[in-house]
Number of protein chains: 2
Amino acid sequence: MSSVTTATNTRELAHPARDEIRLECVLHALSDPMRMRVVRALATTEDELSCSHFVLPVTKSTTTHHFRVLREAGVIEQVYRGTAKMNGLRRADLDALFPGLLDNILDAARREAGRLGDDA
Amino acid sequence: MSSVTTATNTRELAHPARDEIRLECVLHALSDPMRMRVVRALATTEDELSCSHFVLPVTKSTTTHHFRVLREAGVIEQVYRGTAKMNGLRRADLDALFPGLLDNILDAARREAGRLGDDA
DNA sequence: CCCGTACTACGAGAGCTATCGTACGAAGCG
DNA sequence: CGCTTCGTACGATAGCTCTCGTAGTACGGG
């Protein structure tokens with residue numbers, strides 16, 4: 001009972017607090033196709049998804065970079081769970097700051113994907 | 001009645017057609033503080049505003065650059081009227097492609113401005 | 001026809017960004 | 001203890017972007 005902290009706390013990741021999230025950073029984070037893809041995938045489920053769950057047409061180091069941009073913008077939350085790093089949308093924070101914005105952007109992305117004949 | 005075209009058509013500006021507008025370009029265009037400022041000002045009125053109406057803390061050539069980014073992303077429409085260049089939001093096109101998105105982002109920007117104690 | 005106003009074009013520089021490859025650290029499994 | 005899997009750190013590079021200054025074009029007024 002001294003300092004164990006449940007074994008999933010070993011590596012901590014820096015996240016912006018809710019009131020440190022900036023609209024411009026969020027929009028910038030979502031203005032990249034790879035990152036939009038990640039966010040759209042995260043939005044389809046309640047579960048957290050591991051980084052390796054995503055198959056992006058870039059290398060792993062580039063993927064790491066994109067996840068960091070999303071985390072530092074306040075769009076996603078990341079926690080280590082064993083060797084995996086789980087990712088989840090920060091819905092509650094984003095909805096509190098910008099009501100409806102996330103869903104609206106996701107809807108816009110869905111429309112555009114449909115319009116351009118993309119799958120997903 | 002042959003080829004006059006009403007004297008305001010001399011210098012034509014390239015705009016993307018409605019279905020050439022890309023969500024990612026729109027988000028990117030709005031992820032810059034200067035450009036967000038311009039769009040927020042345009043949203044407050046029905047009128048078109050001249051470039052010189054905006055007082056931004058950058059030089060005029062930089063201002064020109066930002067207006068071009070907004071135009072090429074499909075966010076604004078620009079027409080020459082005499083020596084002035086008038087700017088208007090492409091509300092109809094954006095609403096058709098991404099219903100509610102523009103208003104939602106503008107609302108988010110307003111909230112953030114309030115939260116951070118900005119004026120406007 | 002000259003001048004002022006409004007905006008542009010071009011060149012340049014500083015800084016960011018997306019991408020990669022290689023090498024490394026952390027957790028779990030046998 | 002090794003091996004594997006997952007993700008990171010670091011360095012490098014090409015390209016974009018925000019910014020500026022200077023020089024130039026278009027339009028309208030006297």
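Just so it is clear: chains get the letters A, B, ... in the order the sequence lines come, proteins before strands, and each one is counted from 1. Since we're looking at a predicted model, the values are computed, not measured.
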Spacing of A:Met34 atom CE relative to C:dT17 atom C1', expressed in whole Å: 14 Å
Of the listed nucleotides C:dA18, C:dC7, D:dC18, the one nearest the side chain of B:His28: D:dC18
Closest nucleotide among C:dA18, D:dC18, D:dC10 to the A:Ser61 side chain: D:dC10
Note: B:Asp103-B:Arg91 ion pair, threshold 4.0 Å (strictly below): yes
Atom pair distance, as rounded to whole Å: CG in B:Leu56 and C1' in D:dC20: 15 Å
Euclidean distance, atom CD of residue A:Glu24 to atom P of C:dC16 [Å, nearest integer]: 16 Å
Phosphate OP1/OP2 of C:dA6 contacted by B:Arg81 side-chain N/O (<4.0 Å): no
Length of the NE2-P vector between A:His53 and D:dG7, whole Å: 12 Å
Between C:dC16 (P) and A:His65 (NE2): distance, integer Å: 13 Å
d(CE, A:Met86; C1', C:dA26) in whole Å: 17 Å
Closest to the A:Ser50 side chain, choosing from D:dG7, D:dT19, C:dT19: D:dG7
Joint cluster assignment, B:Leu106 & B:Leu27, ILVMFWY side-chain distance < 4.5 Å: yes
Side chain to side chain, B:His66 and B:Val38, heavy atoms closer than 4.5 Å: no
Atom pair CZ/NE2 of A:Arg90 and A:His15 - distance to nearest 0.5 Å: 6.5 Å
A:Asn87 CG to D:dC6 P, straight-line distance once rounded to whole Å: 14 Å
side-chain N/O B:Thr64 vs C:dC7 OP1/OP2, d < 4.0 Å: no
Within one Ile-Leu-Val-Met-Phe-Trp-Tyr cluster: B:Leu30 and B:Val58, side-chain cutoff 4.5 Å: yes
Out of C:dC20, D:dC18, C:dA18, whichever nucleotide has its closest atom nearest the side chain of A:Asp32: C:dA18
B:Ser52 side chain near C:dT5 phosphate (N/O to OP1/OP2, under 4.0 Å): no
Selection from D:dC18, C:dA18, C:dC20 that lies nearest to any side-chain heavy atom of B:Arg35: D:dC18
B:Arg68 vs C:dA9: side-chain N/O to OP1/OP2 distance below 4.0 Å: yes
Atom pair distance, as rounded to whole Å: CD in A:Glu12 and P in C:dA27: 12 Å
DNA chain D: 5'-proximal contact among A:Thr83 and B:Val69 (nearest heavy atom): A:Thr83
Along DNA chain D (nearest heavy atom to each residue), the more 5'-positioned of B:His66 and A:Lys60: A:Lys60
